[in-house]
J.: 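The structure is given below, and queries will be raised subsequently.
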Amino acid sequence: MTVIDAVPAPAPSDQARARRFRRGAGEPPPELGPRLRLVRAVLVALLMLCAMMLLQLVVIGSRQHSAAQQRQFDRFRVQLATGTAPIGPTDADGHELSVGTPVAYLTIPKIGLHEVVGEGTTSSALFNGPGHRRDTPLPGQVGSCAIYGRQSAFGGPFGRIDELKRGDMITVSTGQGTFAFKVIDVRHEGDAVPPGVAANAGRLLLATASGLPFVPSGVVRVDADLDGPAVIGPARVRSASGLPTAERVMGSDPGTLWALALWLQVLLGVSLGVVWAWHRWGRAQTWVVFLPVLLLVGLFASGEVARLLPNLM
């Protein structure tokens, strides 16, 4: 018996490993079937969408909020200086203010908050900062003004309003002057509502989500009474019953679902291209070509998904 005959035959698993080694050295990987390609593409699309969603809410959204606030501040400062800042629900031509129009500048020294308040409280409107609920008067006017802001996403400007205490001061500047409010209550779900605002007096209501960041479990509200005389403002165009659901507490903005459907289709198509190129070109070439496209499409898709999330989150 020769030495070669004395060597035992490799086990099946060893043979399989040897075949894989030879294939990796020069043979291309086996072709995926249509179903497996589709499954892999869907997984790539979901992974990219989740990653971009997290990036959108935590990083990109915060930068978007800061940039929007700077633009709004510059615009509102000029309007205050020239006496053209809005003091009601319509502009000088009688048209209803567009969503996002700056209407007030909100300052809370206790928590270091300095924010321009825009008109409207839809989820997309609150990307850029706090929003004024359109069926309520502006701050400082007779009645109760409501301002909504996000707790965590897109800069989370109202993330610390639950730290306010009775007696803390809030300052708001509008086209009718600067008004000081004194906090009278901070309440969570189930807490008693304070007595209604007195006749010819003004009140400010701040609202945001409560609970863990990005996992809202309720709403926290801050009530503050105007410290001084209230001013008369124009009648509101919208009533509480006529306010769209998207602008109410924890509302979402489904108005651009068509855009989300479009971007998801594009994302899936690009993901199919990634799977195809992965097997035809190789990993390095695939990522060089498709990664920028995936990031861009994922960013647009995640932005549309963010509109469907609660406006106070």
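When reading the values below, keep in mind they use all heavy atoms of this one structure, side chains included, and skip hydrogens, waters and symmetry mates.
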J.: So, for Gly202 and Ala230, which heavy atoms are closest and what is the spacing to 0.1 Å?
T.: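 For Gly202 and Ala230, the tightest heavy-atom pair comes out as N-CB, 3.9 Å.
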J.: Does the Ser123 side chain pair with the main chain of Asp253, one donor and one acceptor, at a distance under 3.5 Å?
T.: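 Judged by distance alone, no pair lies under 3.5 Å.
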J.: Does Thr90 reach the side chain of Pro234, with side-chain heavy atoms less than 4.5 Å apart?
T.: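 They are not in side-chain contact.
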J.: Counting distance only, does the side-chain N/O of Glu115 pair as donor-acceptor with the main-chain N or O of Gln69 below 3.5 Å?
T.: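 Not a single qualifying donor-acceptor pair exists.
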J.: Over 60° means perpendicular and under 30° means parallel, so classify the ring planes of Trp281 and Trp276, tilted if in between.
T.: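 Perpendicular.
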J.: Side chains of Val231 and Phe179, heavy atoms from C-beta outward: is any pair under 4.5 Å?
T.: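 Yes, their side chains come closer than 4.5 Å.
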J.: Using side-chain heavy atoms (C-beta onward) and a distance below 4.5 Å, is Ile161 in contact with Val186?
T.: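 Sidechains of Val186 and Ile161: no contact.
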J.: With heavy-atom distances below 4.5 Å as the criterion, would you say the side chains of Arg187 and Val193 are in contact?
T.: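 When only atoms from C-beta onward are counted, Val193 and Arg187 do touch, with a gap below 4.5 Å.
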J.: If you round to the nearest 0.5 Å, how far is OG1 of Thr286 from CG of Leu291?
T.: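 Going from CG on Leu291 over to OG1 on Thr286, the span is 11.0 Å.
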J.: For Ser62 and Val59, indicate whether the former's side chain and the latter's backbone hold a donor-acceptor pair under 3.5 Å.
T.: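 No, the answer is negative, given that no donor and acceptor are paired below the 3.5 Å cut-off.
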J.: Does the pair Arg134 and Val99 meet the rule for a side-chain contact (heavy atoms from CB on, under 4.5 Å), with working shown?
T.: CA-CA 9 Å; Arg134 295 195 287 172; Val99 172; 4.1 Å; yes
J.: Side chains of Leu204 and Cys145: does their closest heavy-atom pair fall under 4.5 Å?
T.: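 Leu204 vs Cys145: side chains touch.
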J.: If we only count heavy atoms from C-beta on, is the Leu308 to Leu257 side-chain gap below 4.5 Å?
T.: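 SC-SC contact between Leu308 and Leu257 confirmed.
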J.: Do any N or O atoms from the side chain of Asp223 and from the backbone of Ile184 form a donor-acceptor pair under 3.5 angstrom?
T.: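 Flag not set: sc Asp223 to bb Ile184 has no pair under 3.5 Å.
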J.: In Å and rounded to the nearest 0.5 Å, what is the CG to CG distance from Leu299 to Leu55?
T.: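 Output value for this atom pair is 8.0 Å.
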J.: Heavy-atom distance under 4.5 Å between the side chains of Lys182 and Asp168, does that happen here?
T.: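 No, side chains not in contact.
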J.: For Lys110, does the NZ atom sit with more than 12 other heavy atoms under 6.0 Å from it, leaving out its own atoms?
T.: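 More than 12 heavy atoms, drawn from other residues, nucleotides or ligands, come within 6.0 Å of this atom.
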J.: For the hydrophobic clusters of this structure (ILVMFWY residues joined by side-chain heavy atoms under 4.5 Å, transitively), does one cluster hold both Leu226 and Val222?
T.: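 Shared cluster, yes.
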J.: Mind running side-chain contact (heavy atoms from CB on, under 4.5 Å) on Thr174 and Ile87 for me, showing each step along the way?
T.: CA-CA 7 Å; Thr174 72; Ile87 60 172; 5.8 Å; no
J.: Are any side-chain N or O atoms of Thr136 and backbone N or O atoms of Ala146, one a donor and one an acceptor, separated by less than 3.5 Å?
T.: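 Yes, the answer is positive, given that a donor and an acceptor are paired below the 3.5 Å cut-off.
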J.: Any side-chain to backbone donor/acceptor pair from Gln56 onto Gly298? Under 3.5 Å, distance only.
T.: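 Side chain of Gln56 to backbone of Gly298: no pair is present.
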J.: Is the shortest heavy-atom distance from the side chain of Leu113 to the side chain of Phe158 under 4.5 Å?
T.: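 A side-chain contact under 4.5 Å exists here.
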J.: Consider side-chain contact (heavy atoms from CB on, under 4.5 Å). Of Val172, Val183, Thr171, Leu206, which one does Ile108 pass it with?
T.: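 Of the listed options, the one satisfying the test is Leu206.
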J.: Before you tell me yes or no, could you show the steps for Asp225 and Arg203 under side-chain contact (heavy atoms from CB on, under 4.5 Å), namely the whole-Å CA-CA distance, both residues' side-chain angles and the distance that decides it to 0.1 Å?
T.: CA-CA 4 Å; Asp225 278 345; Arg203 177 171 292 174; 2.7 Å; yes
J.: Can a donor-acceptor pair be found, under 3.5 Å and without considering hydrogens, that links the side chain of Glu247 to the backbone of Pro244?
T.: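 No; zero donor-acceptor contacts below 3.5 Å.
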J.: Keeping Asp91 on the side-chain end and Asp93 on the backbone end, is there a donor-acceptor pair under 3.5 Å?
T.: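 Yes.
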J.: With no hydrogens and no angle check, just 3.5 Å: does a side-chain donor-acceptor pair link Arg221 and Ser210?
T.: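 The criterion, which ignores hydrogens and geometry beyond distance, is not satisfied for Ser210 and Arg221.
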J.: Between Gln79 (side chain) and Thr84 (backbone), is there a donor-acceptor pair under 3.5 Å?
T.: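 Here the side-chain-to-backbone pair does not exist.
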J.: Are Leu294 and Trp263 connected, step by step, through hydrophobic side chains (Ile, Leu, Val, Met, Phe, Trp, Tyr) whose heavy atoms are closer than 4.5 Å?
T.: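 Yes, because Leu294 and Trp263 connect within a single hydrophobic cluster, where side-chain heavy atoms sit under 4.5 Å apart.
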J.: Is the number of heavy atoms from other residues, nucleotides or ligands under 6.0 Å of Arg63 CZ greater than 12?
T.: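 Incorrect, the count does not exceed 12.
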J.: Strictly distance-based, threshold 3.5 Å: is any side-chain N or O of Thr208 a donor or acceptor partner for the main-chain N or O of Gln151?
T.: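 Between the backbone of Gln151 and the side chain of Thr208 there is a qualifying donor-acceptor contact (under 3.5 Å).
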J.: Considering non-hydrogen atoms only, spot the tightest contact between Glu119 and Arg236 and give its length.
T.: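 Glu119 and Arg236 have their closest heavy atoms at OE2-NH2, 3.6 Å.
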J.: Is it true that Arg77 and Asp74 have a side-chain N and a carboxylate O under 4.0 angstrom from each other?
T.: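 Yes.
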J.: Do the side chains of Glu96 and Arg238 get close enough for a salt bridge, i.e. N-O under 4.0 angstrom?
T.: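 Yes.
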